[in-house]
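Below is one structure; the comments refer to it alone.
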Amino acid sequence: MLNFPKSTEFNKRIPKQKFYENIAVTPAMKKAFVEQIRIIYWRNKIATTTLNLAAGGQVMEIEVVEVRLSAPELDESVLRQIDREIPYHILFLLEYEGKYRAVIGYKEAAVGKTAFKVDRYYSTDWLDEDDLPVHLEGLTLDAVYENFVRQIAGDVLVEENGTTLKDGVEQQKQREQLEKQIAALEAKIRKEKQPKKKFELVQQMKALQKKTETL
């Protein structure tokens, strides 16, 4: 898929029950797998053994997993469960009625660096497979993974010289937090009747808006 080199092709179907047979999985999670997913394929394995790439400091392999859906929405908890069961970085391709979304989790090493935890997911819109903005770029697995995240996140992540992926994700979190605070202040301003109090709230909102411009 995605015109990745033939050497990376794996094309193995994975029984979806593999991801919810764990006794710790809730009935709601199992129901989501059963009702929202039709088929799961392990399409590609991007690794030093399948491509002429240097090993990464964080990324050992990137698996490309196609998930064919029964409906256009998939609970994020389902992706997190698959990510927990497969101990590598994963590029998801969600398929529904011939259209695709690329989804990837920004992962950080957990304590001891023996496992990785998904911080958040980024995704494209529904597109034709050929229009997905996902390309193999980079000389190391770390670089390939980082480029996948940036390609899929698009304008959501700031990309400036010297800005690491981690920095970009942190800036996005700060921006989202500020936007929530601004929205809350806007609601208060609409309800506030006292001119003095309203003025103070407006000044607070302007200060937060100024902060967002620096991110």
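Sequence positions, counted from 1, serve as the residue numbers for this chain.
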How long is the straight-line distance from CE of Met205 back to CG of Leu208, given to the nearest 0.5 Å?
9.0 Å
Side chains of Met29 and Ser77, heavy atoms from C-beta outward: is any pair under 4.5 Å?
yes
So does Ala102 get a backbone contact from the side chain of Thr124, meaning a donor-acceptor N/O pair under 3.5 Å?
yes
Which distance, rounded to the nearest 0.5 Å, do you find between the CD of Gln81 and the CD of Glu76?
13.0 Å
Please report the shortest heavy-atom distance between Thr48 and Ala55, naming the atom on each side.
CG2-N, 3.6 Å
Assess the residue pair Ser70 and Arg38 against the criterion (side chain to side chain contact (heavy atoms under 4.5 Å, CB included)); give the C-alpha distance rounded to whole Å, side-chain angles, the decisive distance to 0.1 Å, and a yes or no.
CA-CA 6 Å; Ser70 303; Arg38 293 192 300 115; 3.0 Å; yes
Are the charged groups of Asp83 and Lys117 less than 4.0 angstrom apart, N to O?
no
According to a 4.5 Å side-chain heavy-atom criterion applied to Ile, Leu, Val, Met, Phe, Trp and Tyr, with indirect links allowed, do Val149 and Ile82 form part of one hydrophobic cluster?
no
Any donor and acceptor pair, going by atom type alone, linking the side chain of Lys211 with main-chain N or O of Arg175 inside 3.5 Å?
no
Mind checking whether Glu9 and Phe4 have side chains closer than 4.5 Å, heavy atoms only?
no
Report yes if some heavy atom in the side chain of Leu127 is under 4.5 Å from a heavy atom in the side chain of Tyr100; otherwise report no.
no
Closest non-hydrogen contact found for Gly138 with Ala143 is CA-CB, 4.0 Å
Side-chain touch Lys107/Asp119, heavy atoms, less than 4.5 angstrom:
no
So do Pro133 and Ile152 actually touch side chain to side chain, heavy atoms under 4.5 Å?
no
Transitively linked via ILVMFWY side-chain contacts under 4.5 Å: Val118 with Val78?
yes
What distance do His89 atom NE2 and Leu141 atom CG have between them, rounded to the nearest 0.5 Å?
10.0 Å
Separation between CG of Asn44 and CG of Leu51, rounded to the nearest 0.5 Å:
9.0 Å
Heavy-atom pair with the smallest gap, counting every atom of Glu63 and Ile86
CG-CG2, 4.1 Å
Qualifying side chain to side chain donor-acceptor pair (under 3.5 Å) pairs, either residue in residues 125-143, two or more places apart:
Lys99-Asp128
Counting only heavy atoms not in Asn3 (residues, nucleotides, ligands), do more than 12 fall under 6.0 Å from its CG?
no
Could you name each residue pair satisfying side chain to side chain donor-acceptor pair (under 3.5 Å) that touches residues 194-203, not counting sequence neighbours?
none
Return the CG to OH distance between Leu91 and Tyr145, rounded to the nearest 0.5 Å.
10.5 Å
Approximate separation, where rounding is to 0.5 Å, of Leu2 CG and Leu136 CG:
8.5 Å
Using side-chain heavy atoms (C-beta onward) and a distance below 4.5 Å, is Leu93 in contact with Val67?
no
For Ile104 and Ile90, work out which heavy atoms get closest and say how close.
CG1-O, 3.5 Å
Does the side-chain hydrogen bond (donor to acceptor under 3.5 Å, both in side chains) test come out yes or no for Ser123 and Arg101, once each step is laid out?
CA-CA 7 Å; Ser123 69; Arg101 284 176 69 193; 2.7 Å; yes
Taking 4.0 angstrom as the limit, do Glu66 and Arg68 come out as a salt bridge?
yes
Group every Ile, Leu, Val, Met, Phe, Trp and Tyr by side-chain heavy-atom contacts under 4.5 Å, then state whether Leu74 and Val25 land in the same group.
yes
Walk me through it: do Gln209 and Lys206 pass the test side chain to side chain contact (heavy atoms under 4.5 Å, CB included)?
CA-CA 5 Å; Gln209 288 172 333; Lys206 285 182 177 179; 4.1 Å; yes
Step-by-step side chain to side chain contact (heavy atoms under 4.5 Å, CB included) determination, Ile40 to Phe19
CA-CA 10 Å; Ile40 301 175; Phe19 298 106; 3.7 Å; yes
Are Val65 and Phe148 connected in a single hydrophobic cluster, I mean Ile/Leu/Val/Met/Phe/Trp/Tyr linked by side-chain heavy atoms less than 4.5 Å apart?
no
Looking only at heavy atoms, what is the nearest atom pair of Pro87 and Glu85, with distance?
CD-O, 3.6 Å
Qualifying ring-ring contact (aromatic ring centres under 6.0 Å, His included) pairs with a residue from residues 34-69, counting only residues at least two apart or across chains
Phe10-Trp42
Side-chain heavy atoms nearer than 4.5 Å, only ILVMFWY residues, links allowed to pass through others: does that put Val103 and Phe33 together?
yes
Hey, is the main chain of Val34 close enough, under 3.5 Å, to the side chain of Lys16 for a donor-acceptor pair?
yes
May I ask you to say whether Glu176 pairs ionically with Arg120, meaning some side-chain N is under 4.0 Å from a carboxylate O?
yes
Would you mind checking if Glu61 and Lys45 are paired as a salt bridge, meaning a charged N to carboxylate O distance below 4.0 Å?
yes
Are Phe92 and Val64 close enough that some pair of their side-chain heavy atoms sits under 4.5 Å apart?
no
Side-chain heavy atoms of Leu53 within contact of Ile46, under 4.5 Å:
yes
